[in-house]
Each structure stands twice: as C-alpha cells, then as structure tokens.
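Scroll down for the structure; my scribbles are underneath it.
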Amino acid sequence: MAQKPSIPKGTRDFSPAEMLRRNYIFDTIRKIFSLYGYLPIETPAMENLSTLLGKYGEEGDRLIFRILNSGNFLADVSPSALSAADTSAVTRHISEKGLRYDLTVPFARYVVQHRDEITFPFRRYQIQPVWRADKPQRGRYREFFQCDVDVIGSDSLLNEDELVRITDRIFGELGINIIIKINNRKILAGIAEIAGAGERLTDITVAIDKIEKIGREGVRQELAAKGIAPGVIARLEPIIDLSGSTEQKLAVLKKAMAESASGMQGIREMEELTGYLAVEPVKATVELDLSLARGLNYYTGTIIEVSAADLPFSSICGGGRYDDLTGIFGMPGVSGVGVSFGADRIYDVMMQLNLLPEQTGSSTEVLVINFGSAELPALMKVAGELREAGIATELYPDPAKLRKQFAYADSCMIPLVVIAGSNELAAGQATVKNMKTGEQTAVPFHELTSFIRRLKTS
RNA sequence: GUGGUUGUAGCUCAGUUGGUGAGAGCGCCAGAUUGUGGAUCUGGAGGUCGCCGGUUCGAGGCCGGUCUUCCACCCCA
C-alpha cells in the first residue's frame, strides 16, 4: 500500500498559477536591478560550513541546515564523543557542508575567490533560494527565495541612496505601499558607548526594538530584567523617548552622543544619506528607526528594513552595509552594501492585498479539436501554421468526444477553439469558436491566422 | 529551541457523553446530448478517519508517542 507522499516541513510546491504570479514578481525585480546596471550571478546551494558559520550570530548558526558527509562518516568520530552524545563534537566530524543561509555571505566568498576577474565597484544581483531551519509560520518558510542586490568595493553612501531608490521603485511597480526604516550600526554602538555598556549592545537594541509592542515603560522594564544597571537606563532615557522627524531625532542624538566618536560618525553618515534622499524625493516613507538593529552579525553601518504599510507583516526586505565581510575570507578593506527582497513574503503580501489577480489557467490561445487519424495531418498543419504566426496553440492529443475536448478548453480557459472535421476540410474552411461568447465563424483555411490575429487585437 | 494548536473523500468541512454498514457541499467520471464547453437532471467512483502504539467487549471521538499545519515567544526575508 503506497503511503501518502509529502514534502519536508516548511517547503512548498508551486502550481502553474502560482508560478505565473511568482515569475511576475521575479521579472519585475530583475528588470529594475538590471536597469540600475547590476549583473546576475549564481552560487551553489551548498557551501562549506567554514564559509557559513560565525557570520550570522549564535542564533543563525543554529538555523543552518547541515549536510551529512558521504561515505562512512562515523569513522572519524571518537567513541567517547558518540557515547557522550556530544552533539557539537560529533557534528564537526560528520558534516562539513551546509545549505546557504543567505546570499550575502556566499557573495563575499565569491568576491574573494574571483577578485582577479572583478572590476570594482562590483554590482551584482542574485535570485536564488536559501534555507533556514526555523520553525515555520505564516510568512516564514524553511526554503525561500531571496533577491539580493549588492555593490561591493565602494564606501560611498551614494550606494545606500541608490538601494533605497531601487527598493522604492520595485515596490512602487508592484503596487505595495511600504515604510523604509533606516538606522546605522555606528549610532547603535554610540548609544551603548555613552551608556557605558558597550558589551550589552544586543540586549539594549533588542529591548528598544520592542518599543512599539510594549511601550516605553515596557522597554525600561525589559532593560532592567536583562540586568542593565539603573544608571545606564537613565542615560538611555533621551533615546528611549526619541520622537519627531528624522532631522529632529538626529539633532537630539547629536547632543546625547557628542562623546562617542563612532556615534558621531554614524550620525554624519545618516545625515549624508538623508541629504542624498532629499535631492529627489522617493515615494515611500523613509524614517530613522533606532529600534532597528538586525541580528545579522556582519552589518557595520547603514541598516535598512522594509515593511508593508497596509499589513502588520514582518519585514519583506532588508539589508545594510558590511565593511569587512570579505576580510574573514582573506581580503580585508573592501566595503559592501546590499539589500535582499523576500520574494515569498512579497507574494504573500500581494495575495492578501489582492494585487496578484488570478491569471488564466493556460497560456494557450487556441485549441485545435482532434477528429482522429483521417483529419490529423491537416490538423497538425493548421496548428503548426498558427504557431508559426506566434499564436500559442494546442492540438488535443486524443480523438476524444467533442464534449470532452470542449470541456477541456473551458476548464483551461482557452479562449478560442478551431473545429476542422471532415465537413470543414471538404468545404475548405474551419469553424472558429469564441468560447467566451459562444459565437462561431466559418473561416477559409488560408485566412485562419489573420482572422485569429485580428480577434486577438480587438 | 520553548509553549500552544490542527489533521475525517481531490477541496471546504459535519460527525452530539466512545456503541448499528463513516456523511454533506463542491469537484471528478459517465449518461441524458454518437460534431460542441459553461446551466439542469440522472447515475457512479473515491476514505488504512495523518502515522505508530495503548486503554476498552467496542475508538473518528479517550491516553502516549511521532509527523504535519497554524499561532505566540525567539529570530528573520
């Protein structure tokens, strides 16, 4: 007895209707990427664990899918480690590859490996799936597609400006209203510095990040619960209470952070970027959000996160600047910046907002009825001529009852049916049926393609 | 990773405190219409009740485990 087949948790099949809608999203993104002069690359689904580990923080490392070594992978494992069920000691020996967790780290690896072929600044885009061993939820999958654009080998904040504009343009074209939140890791470092709690930066930003959910008082409690000293919390007050426009926030921060070199540097960068953005306004709301931290370890400067304005959905796009990702792979001093579009979440958002209307079930425009072996050569010729004329045509594969063939055209939403049985062939003209109106027209065979072309344009 | 939740026909779901052959709507197939789809009518096929084990005279309803779904936390696209 065959058991029901299934696919791994958090993965999905995509039907033709879904693929048509997904491809619309990918095509739009790809079009804008290349409009700005970015070039495509691809990298392998799996990377060496040495490439992957340590780049995403503790949580990230845990979420990397490991690939079991081939062959007798237990041969090198010491029996004591095995019997002690020492997971980390054992995995080191039995797995040396993993599925990629994002596209940025493989990109940095790519840049280092191909440095002699690359002209900097290097602008690339990459649209491929990534895998995370997360617990699936709505909008959270274990296999999902990221669409990354990055420019590496340039410190200029003009790149940040450009990425914001690309983001604005893509979501504008897709019809999604968005909020772009920006922040700068150097400002966050400055905050921790003036609070005298540099090593607690993560705890502090995680707590500040919850301000929308739990309020200012909640943030104070959260900080206290994390063991942040009351004096430190007091020094953080101006930051917890921050409000107003980006300019106003920056002014407050400038005062509060005068003693932090990195904080001031972050503020200067933020001012420069907002200056660029002011040159030509973008459609989306762009706001400074100090609570934006982002868990990925490698970010060092600007960080960006995009959410849909009309839905309480988690981020659909995110990114930032990484000053030394390539340094880990032996190529120091090369700064890059990029953003990643989450195609699957964008799809979910667009479905919920009804921005992806149901498409026709088939791309076929004409179905040629199959009448059997006597008429077949003539019918094959007709179908061939229609295709020559650029009309998507199907010839029904079996000489089935007309009822069945028409029902097929109906359920596949094929708009036209060409009927050419013995009567029509004898008379030298086919019958063309418009499935929507039910109207039937007799058309001489030599005028068939031009007749159908005219129907298409009208 | 922590806590909770879901799983009955292809789909959406009923199934009363465990007790006669497991149901509906939609869909599917066939016929009414042997060269014409969407409407209508008639008939038909299709279910190891997620999986494994347990309790019971008896389990789709109870218990344990497991997988899956969705939700909160965590984190993120």
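So you know, we letter chains A, B, ... as the sequences are listed, proteins then strands, and number each from 1.
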Check your understanding: What dot-bracket string describes RNA chain B from 5' to 3', counting Watson-Crick and G-U wobble pairs whose defining distances are under 3.5 Å, with [ ] for crossing pairs and | for pairs to another strand?
Key -> ((((..(..((((.....[...)))).(((((.......))))).....(((((..]....))))))..))))....
Check your understanding: Should B:G61 be called syn or anti, with syn set as within 90° of 0?
Key -> syn
Exercise for review: Using the P atoms only, state how far B:U56 lies from B:C51, rounded to an integer number of Å.
Suggested key: 23 Å
Check your understanding: According to the salt bridge (Lys or Arg N to Asp or Glu O under 4.0 Å) rule, which pairs have a member within residues 296-308 of chain A, sequence neighbours left out?
Key -> A:Arg294-A:Glu305
Point to revise | Stretch residues 37-48 of chain A: residues that reach within less than 4.0 Å of RNA chain B through a heavy atom | key: none
Exercise for review: Using the closest heavy atom to pick a nucleotide of RNA chain B for each, name whichever of A:Lys9 or A:Arg132 lands nearer the 5' end.
Suggested key: A:Lys9
Point to revise | Whole-angstrom distance between B:A77 and B:G61, as gauged at atom P | key: 42 Å
Point to revise | 5' priority, RNA chain B, between A:Thr11 and A:Gln146 [closest heavy atom] | key: A:Thr11
**Study point:** Donor/acceptor link under 3.5 angstrom from A:Lys135 side chain onto base of B:U2
**Key:** yes
Review point. Rounded to the Å, how far apart are A:Gln137 CD and B:G3 C1'?
Key: 12 Å
Check your understanding: Which of parallel (below 30°), tilted (30 to 60°) and perpendicular (above 60°) describes A:Tyr298 and A:Tyr322?
Key -> perpendicular
Review point. How many Å lie between OH on A:Tyr56 and P on B:A77, as a whole number?
Key: 11 Å
Exercise for review: Identify whether any heavy atom of A:Tyr141 sits under 4.0 Å from a base atom; if not, whether one sits that close to sugar-phosphate; answer base, sugar-phosphate or nothing.
Suggested key: base
**Study point:** Sugar-phosphate, base or nothing in reach of A:Gly372, heavy atoms under 4.0 Å
**Key:** nothing
Review point. How close or far is atom P of B:C73 from atom CG of A:Asp134, stated in whole angstroms?
Key: 13 Å
Practice item. To the nearest Å, give me how far apart CG (A:Asp13) and P (B:U69) are. Key: 12 Å
Point to revise | Modelled atom types, side-chain donor and acceptor of A:Arg124 and A:Gln126, under 3.5 Å | key: yes
Review point. Rounding to a whole Å, what distance do you find between A:Arg12:CZ and B:A77:P?
Key: 16 Å
Point to revise | Check: A:Tyr347/A:Arg22 side-chain N/O donor and acceptor closer than 3.5 Å | key: no
Exercise for review: Quote, to the nearest angstrom, the P distance that separates B:G60 from B:U48.
Suggested key: 13 Å
Check your understanding: Do the side-chain N or O atoms of A:Arg138 get closer than 4.0 angstrom to the phosphate oxygens (OP1, OP2) of B:C71?
Key -> yes
Practice item. When you get a sec, tell me which of B:A77, B:C75, B:G1 is the closest nucleotide to the side chain of A:Glu59? Key: B:C75
Revision key, fill the gap. Those residues at least two apart in sequence (or on a different chain) that pass side chain to side chain contact (heavy atoms under 4.5 Å, CB included) with A:Lys381 are A:Glu385
Exercise for review: Scan side-chain atoms only and decide if A:Asp289 and A:Asn183 contain a donor-acceptor pair under the 3.5 Å cut-off.
Suggested key: no
Review point. With rounding to whole Å, what would you report as the distance between B:A45 and B:C29 at their P atoms?
Key: 16 Å
Check your understanding: Which letter, B, S or -, goes with each nucleotide of nucleotides 28-42 of chain B from 5' to 3', with contact meaning a protein heavy atom under 4.0 Å?
Key -> --SS---BBBB----
Review point. Expressed in whole Å, how much space separates the P atoms belonging to B:A9 and B:G65?
Key: 25 Å
Point to revise | Heavy-atom neighbours of A:Met380 CE exceed 12 at 6.0 Å | key: no
Practice item. Considering only NZ, NE, NH1 and NH2 on the basic side and carboxylate oxygens on the acidic side, decide whether A:Asp398 and A:Lys404 come within less than 4.0 Å. Key: no
**Study point:** Between B:G3 and B:C11 - C1' atom distance, rounded Å
**Key:** 32 Å
Check your understanding: Would you call the rings of A:Tyr396 and A:Tyr408 parallel, tilted or perpendicular if under 30° counts as parallel and over 60° as perpendicular?
Key -> perpendicular
Review point. Between B:A77 atom C1' and A:Ile178 atom CD1, what is the distance in whole Å?
Key: 14 Å
Review point. Mind checking the C1' distance from B:A32 to B:U36? Whole angstroms is fine.
Key: 16 Å
Point to revise | Gap between atoms CD1 and P, on A:Ile127 and B:A77 respectively (whole Å) | key: 17 Å
Practice item. Please measure how far the C1' atom in B:U34 lies from the corresponding atom in B:G23, and state the result in whole Å. Key: 37 Å
Point to revise | pair A:Gln128-A:Leu103: side-chain heavy atoms closer than 4.5 Å | key: yes
Point to revise | Gap between atoms CG and P, on A:Leu63 and B:G1 respectively (whole Å) | key: 10 Å
Review point. Which pairs count as salt bridge (Lys or Arg N to Asp or Glu O under 4.0 Å) when at least one residue sits in residues 163-173 of chain A, sequence neighbours excluded?
Key: A:Lys31-A:Glu173, A:Asp161-A:Arg165
Practice item. Determine the sole option in A:Thr104, A:Asp61, A:Asp102 for which the side chain to side chain donor-acceptor pair (under 3.5 Å) test with A:Tyr56 is passed. Key: A:Asp102
Check your understanding: If you draw a 6.0 Å radius around CE in A:Met435, do more than 12 non-hydrogen atoms from other residues or ligands fall strictly inside?
Key -> yes
